[in-house]
Amino acid sequence: MQTDVMDREFVHSGHVGCPGCGATIAMRFVLKALGEKTMMVLPACCWSIIAGSYPQSALKIPVIHAAFETGGATATGVRAALDMLGDTETTVLTWAGDGGTFDIGFQALSGAVERNENFIYACYDNEAYMNTGIQRSSSTPYGAWTTTTTGRDWKKLRKKNIVEVLVAHRIPYAATASIAYPEDLLRKAQKAKNMKGSRFLHIYASCPTGWRIPSEMSVKIARMAVQTNIFPLYEVEDGLRYTINYKPREYLVREYFRLQGRFKHLTDQDLDQIQQMVNEDWELLLRKAGERA
Amino acid sequence: MKRVLEGSHAVAEAVRLAKVQVISAYPITPQTHIVEILSEYCTKGLMNARFLRVESEHSCMAALIGAQTAGVRTFTATSGQGLALMHELLHWASGARLPIVMAEVNRALAPGWNIWVDQTDSLAQRDTGWIQMYCEDGQEVLDSTLQAFYLAESVNLPVMVVLDAFYLSHTYEPVDVPGQEAVDRFLPPYVPKFQLDTAHPCGFGPLVAPGDYMEMRYHIAMAMDDALIRFGEIEDAFAAQFNRRYGPVEAIECEDAEIIFVTTGTLTSTCRLALQDLRAKGEKAGILKIKLLRPFPYERIREELKGAKKVAVIDRNFSFGAGGIFAQEVRAALCNTPDHPPVFGFIAGIGGRDVTPEMLTEIYRQTKNSDAPQKESVWMGLHEVKYAD
Ligand SMILES: Cc1ncc(C[n+]2csc(CCOP(=O)(O)OP(=O)(O)O)c2C)c(N)n1
Ligand code: SF4
Ligand SMILES: [Mg+2]
């Protein structure tokens, strides 16, 4: 790992993220990789708050706060203006939550990627609408409690696979990353920075508040998500070339689920079913990566 | 140079001459002719601008918000449903103090699908913090679009140049298209008052608590007031260069008029014809054409209407449960002045229905023959309407 990259810091210590907030860790690493020549488009999400209220800012780069559903579109405009002004050096980064990416901002993201707009779109995924109080999104995983999937109505639908949707756009670069694997995250953000066209980073970002976990478990849970194949680390170039970055030994999903309050209602039978789903998705990924016939 | 142009092309010529740097658009009839020609100008290098072919009007306005914040002059055009879809971001553009300019072709809102003229789309955006200018003919469209950039940039508020569907957007008229040097003498290059800058990192539009938000809104209110003064100054500068001026309102034969029509848009031209006829018959009629809806020129309106015995406002729009929107605005302007004339509200030409000189003469006759308005608004030219129980 390059130490100069690790040493630089673009998040002030006075931010207002919850203790153990994965979204804040994710931001720190991505900005370390991208550096000061970065402009951020920030649609509504937890980070709209974490970034600080007027007249303060927790970030040392320029930020344009944007309407919830406009991450792809606002960045399109910023990039166009920079090009017109002859600034090709600055990286335009959209930083959005899963709700702003998978749901309400999906059209603008799809439009921007279809046009192959020259920007990085980073989605930090905490698997629900956290800003507004833990409501379900299409990124909320099968089995989860949220404030809109309570009691018997825990979410019984799969999480949308956003990377595969973007891969279907033949996006030049799409990668998953995790706050528990900072070298991998830094490398991917730097790789994205050095490419042109649309680039997408899907970053697993634990949320102690919304997931009902102790704040010191944030990174551990994130690591387990990768080790259990619930959130595999991989990257796809030009929508074709898959590389799986981490191959776990067989870990069972059970422990990951048992550690989180949002899953505490699940029975052993439910967990067996979830294990099957995870295995199925992993097999599919191996096949796409050419590692299974 | 005089050229025979569609209203749409008059907009496009002004945008070319204003040297806009980023254009973003999504197609909707009857706005398409404006953006097709601009797209072609960009392709052919007649304009040095980026044309963003976005996937919706919502993204269109978002892209302009991004571009303008990054420091360039921007433009879009839309109509009807497209404007309605932009609503959230219209507030955003003014709240962020971005001088975006938009041409808005008045189109009726669905359902049922109707592509013809109706002002309800733009009037429904009355409270979004955009300056709104209503135009009567192709020349006014071109001139107002050029002025719009100057005005927007001098007060840091967005401007909507509004033109009637088809009657103006698709009608060919002789239009004087100025040369580039003359326009450059009138319109200075865009110098942003603030912009995204990695050397001076700032957060634009963060969380604002009640302790600051109200003052920010008050700044916008002051900028709107200022816009009325700036509008006059910019018209002076424009007149010095091009010898044309429109005013926030235009009073036509109002000095001795007893009954004054209040009109907007192309309907004004029809009313000019009806006025000639009425005057020839010795009737003391006049017209007050309103160009500026926001900021609303209250004082000029009070001044021009104070001598009238009656006022007849013609609205090609409707606010359900309230009435014609210009009539409401005019009533609001007059209500605190003593002995103001009664305001008669007429609804005409909804959804592209033709408004004829005869209909306007009939409005005059009805206004003359009633002592006071019987209801908030009278719908003109209605077929017999049967109500289902
Ligand atoms: C048009 C619109 N609808 C709803 C909201 C309210 N809202 C703000 S942030 C948010 C949830 C964001 O969820 P996500 O993108 O996952 O980010 P997170 O808060 O989880 O970090 C919602 C629903 C809004 N700002 N704008
Ligand atoms: S709610 Fe979750 S994502 Fe939001 S600041 Fe707290 S820990 Fe971070
Ligand atoms: Mg979320």
Side-chain angles (χ1 to χ4, degrees), chain A residues 10 16 35-44 47-85 87 89-92 94 104-105 107-115 117 119, chain B residues 19-24 26 48-74 76 86-93 95-96 98 100 190 192 194-209 211-213 215-216:
Chain A
F10 297 94
V16 294
E36 63 188 0
K37 281 275 179 196
T38 304
M39 288 182 183
M40 184 182 296
V41 172
L42 189 58
W47 250 103
S48 315
I49 312 300
I50 303 170
S53 65
Y54 173 85
Q56 289 165 330
S57 177
L59 294 167
K60 297 183 197 172
I61 56 163
V63 179
I64 171 173
H65 290 260
F68 194 13
E69 60 288 2
T70 66
T74 308
T76 298
V78 173
R79 181 75 264 163
L82 294 181
D83 289 349
M84 285 307 297
L85 295 170
D87 176 355
E89 191 192 346
T90 298
T91 300
V92 177
T94 295
I104 197 166
Q107 172 180 321
L109 169 61
S110 172
V113 173
E114 183 269 337
R115 296 189 300 273
E117 299 291 351
F119 78 127
Chain B
K19 296 181 175 166
V20 168
Q21 293 152 292
V22 171
I23 300 168
S24 176
Y26 189 81
N48 181 24
R50 277 287 295 277
F51 191 101
L52 304 174
R53 295 161 185 91
V54 286
E55 83 299 331
S56 75
E57 286 88 354
H58 198 281
S59 285
C60 167
M61 187 50 65
L64 293 193
I65 287 168
Q68 193 90 41
T69 310
V72 298
R73 187 173 277 166
T74 69
T76 188
M86 282 181 188
H87 177 75
E88 179 196 21
L89 297 176
L90 297 182
H91 283 281
W92 200 289
L98 299 173
I100 296 167
Y190 177 51
F194 52 82
Q195 75 196 96
L196 294 167
D197 180 0
T198 50
H200 302 280
C202 294
F204 293 92
L207 183 72
V208 179
D212 289 304
Y213 184 86
E215 282 69 21
M216 288 181 179

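By convention in this document, chain letters (A, B, ...) are assigned in the order of the sequence lines, proteins followed by strands, and residues within each chain are numbered from 1.
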Looking only at heavy atoms, what is the nearest atom pair of [X] and [Y], with distance?
X       : Y        : value
B/Ser56 : A/Gln107 : CB-NE2, 3.1 Å
B/Trp92 : A/Ala66  : CH2-C, 3.4 Å
B/Glu88 : A/Ala67  : OE2-CB, 3.7 Å
B/Ala70 : A/Ala81  : CB-CB, 3.5 Å
B/Ala62 : A/Ala73  : CB-CB, 3.7 Å

In Å, rounded to the nearest 0.5 Å, how long is the span from [atom1] of [X] to [atom2] of [Y]?
X        : Y        : atom1 : atom2 : answer
A/Leu85  : B/Gln21  : CG    : CD    : 6.5 Å
A/Ile61  : B/Leu196 : CD1   : CG    : 10.0 Å
B/Gln195 : A/Leu82  : CD    : CG    : 9.0 Å
B/Leu89  : A/Thr74  : CG    : OG1   : 7.5 Å
B/Asn48  : A/Met84  : CG    : CE    : 4.0 Å

Is chain B contacted by the side chain of [X], its backbone, both, or neither, given a heavy-atom distance below 4.5 Å?
X        : answer
A/Glu114 : neither
A/Lys60  : backbone
A/Asp83  : side chain
A/Glu36  : backbone
A/Thr38  : backbone
A/Ile49  : side chain

Can you tell which part of [X] gets under 4.5 Å to a heavy atom of chain A, answering side chain, backbone, both or neither?
X        : value
B/Arg73  : neither
B/Val54  : both
B/Asp212 : side chain
B/Ser24  : neither

Quiz item: When only pairs under 4.5 Å are counted, which of A/Ser53, A/Ser57, A/Ala80 shares the most heavy-atom pairs with chain B?
Solution: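 Sorted descending by pairs with chain B, the first entry is A/Ala80.
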Quiz item: Heavy-atom count around B/Tyr213 OH within 6.0 Å, excluding the residue itself: above 12?
Solution: no
Quiz prompt | Validation row: A/Pro62, B/Cys202 side chains within 4.5 angstrom (heavy atoms) | solution = no
Quiz prompt | Max heavy-atom pair count under 4.5 Å with chain A, selected residue of B/Ile65, B/Leu64, B/Asp197 | solution = B/Asp197
Quiz item: What residues form a side-chain hydrogen bond (donor to acceptor under 3.5 Å, both in side chains) with A/Glu69, not counting sequence neighbours?
Solution: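 For A/Glu69, the residues satisfying side-chain hydrogen bond (donor to acceptor under 3.5 Å, both in side chains) (neighbours in sequence not counted) are B/His58.
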Quiz item: Got a sec, which residues hit side-chain hydrogen bond (donor to acceptor under 3.5 Å, both in side chains) with A/Thr76, two or more places apart in sequence or on another chain?
Solution: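 With sequence neighbours excluded, A/Thr76 shows a side-chain hydrogen bond (donor to acceptor under 3.5 Å, both in side chains) to A/Arg115, given in chain and number order.
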